[in-house]
Structure formats: C-alpha cells, structure tokens
Amino acid sequence: MAQVRLDKFISERTEYTRSRIKELAAKGRITVDGAVVKRSDTKIDPDTAEVIVEGKSLRTERYRYILLNKPQGYVCSTDEKDGEIVLKLIPPELRTKGMFPAGRLDKDSMGALLLTDDGEIAHRMLSPRHHIPKIYIVQLARPFENNYINKFEKGIELIDGETCLPARVCAVENCEKLAFIELHEGKYHQVRRMFAALGNHVELLMRVSLGGLVLPEKLAIGQCMELLHKDVENLFLPNDFEAFCKRFSAVFSANLINN
Ligand code: URA
C-alpha cells in the first residue's frame, strides 16, 4: 500500500487539524509502532501502522462505533444550527469526519445512542426489515396502571389517530411511576405520545437498549465509549424483554432518577 503522511492519516480519522497534529508531534505526543515521531510529515503505511495520539490508538479498522449515554439538552443532528449537537460530547480522538448519530433521541431524552461513520450499519439498523427492538425506561407523572399492558399489546392509538404497532410495557417493582417499554418502530416522540394517549405524561425518558446492545451500567450520562465491530453486531441480536426488566430494574431506575 502507498505510504501516506502521518498528519493526513490522523486528520482523516479524527477532528485534529493538521496544525494541531504538527504541535502534538513536536511535543512527542504521537507514536508510530511504539516510537515517538516528531515530524507530522513523516510517511507511514496506513494499513499496518499503529498510530497513538495522546495515548489513544487510532486503530486501522475502517469504521468507528461510539456508544454515547446521551444527556438531556443535546440534539441528534450534525448541524450546529439545530442546537447543541451530540457530536460535541465525543472527544476529538474518537470523533471522525463522517461521524453521525445512527438513530434519534429527542432533545430531552437520555440514554443509548450509537454514533458511527459506517453508513451501511446505520442503514441496516434503521431499516424496518431488521426491526431492532428498543427498550426505554420512563418516569411518569402519574402511577403506572396495569391496564396499560393490554393497551400497549393491542397497539395504542395516538391522539392524532395514528396507530402504533404492538409494544410491551412492564412496571418497575416498588416504583409506581417507573416503567420499561419495548418498541419495534420509531415514530416521532413515540413513547411520550403513547403515554399521552393514555392520559399520562412522560417526565423522564432513557433508552437502555438497542437490540441486544445494553447500555453499560458503568457508562455515566454524558460519557461515551468505543465499540468494536463485533460488539456492534449485538444490535441485531434479540433481547428477552421480561428477563431484561427483571435483571436491570434496580440499575436503570437508579440511573434515571439520579440523572
Ligand atoms: N420516544 C420518545 O418519545 N422520545 C425518544 O427520544 C425516543 C422514543
């Protein structure tokens, strides 16, 4: 493979500018295959070089996958005109040029959001053919009612007359205003509108799983982590909703309430 300049290699994979890369190299903060490289115009083999910038490896894998525990107040957009964008929460060494949020959470919602530069996986994720089920935990304004279970299973009719696909809900034990919901589709503000149709109101909402990919307990709100391609494949695995609710009730109700 033809050799490329180190600064080109790094700037194509991160948000570092060439002038910043030059500075970092001069300060000895960049290594290639274990050796400090002080000149950013050094030529490297892009296929084999192990480049580390400020202690972070820029793996030679083609795509990047970041799981963010989105806080409230950020928008799932790449356009800063829309408000504070979620990409701002990704450190520059993890961000890549073409990175975008694969899917949406409302500005006021929290929880699992995948950001990637892999258009193919985003397409697979968002395609209705794959039906990636998503689980949310909500805090309601009024107590959960057991009759919700049947109503969700039959398909809620929203206030504007639109009908939802069957969905599942499950109350969180000993917390009368908390519930888990599993959806197989993604209409605009869907969870909020479903509970509004039942005369309730969602006060807090956190997405806690995307298919078989569960928001890690240790990932605090506002933090992100890099996923390997093989972990991303968990998205396409099923999740057992009842087992999930039992296993994660305590963890996610605490995360939601203490956000
Ligand atoms: N449903 C909503 O109402 N909001 C979200 O952010 C996600 C699902």
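In each ligand, atom 1 is the first atom listed, and ligand 1 is the first ligand listed. Just so it is clear, the model here is predicted, and its values are computed rather than measured.
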Given Asp231 and Tyr65, is the side-chain hydrogen bond (donor to acceptor under 3.5 Å, both in side chains) satisfied, shown in steps? CA-CA 9 Å; Asp231 299 326; Tyr65 308 95; over 6 Å; no

Could you identify the single nearest non-hydrogen protein atom to atom 4 (N) of ligand 1 and state the distance to 0.1 Å? Asp106 OD2, 2.7 Å

Backbone or side chain, does any N or O of His189 fall under 3.5 Å from an N or O of ligand 1? yes

Sidechain-backbone polar pair: Lys70 side chain, Ser109 backbone, donor-acceptor under 3.5 Å: yes

Counting from 1, what ligand 1 atoms have a heavy atom of Gln190 closer than 4.0 Å? 1 (N), 2 (C), 3 (O)

Nearest heavy atoms of Gly111 and Met206, plus distance in Å: CA-CG, 3.8 Å

Numbered in order shown, the ligand 1 atoms found under 4.0 Å of a heavy atom of Ser109 are 4 (N), 5 (C), 6 (O)

Contact partition for Leu183 relative to ligand 1, non-hydrogen atoms under 4.0 Å: neither

Considering residues, nucleotides and ligands other than His184, do more than 12 of their heavy atoms fall under 6.0 Å from its NE2? yes

For atom 1 (N) of ligand 1, which protein heavy atom lies nearest, and how many Å away is it? Val191 N, 3.1 Å

Would you say Tyr136 contacts ligand 1, with heavy atoms under 4.0 Å as the rule? yes

If you compare all heavy atoms of Leu204 against all heavy atoms of Gln72, which two are closest, and at what distance to 0.1 Å? CD2-NE2, 3.7 Å

Exercise: do Tyr188 and Glu162 side chains pair donor with acceptor under 3.5 Å: no

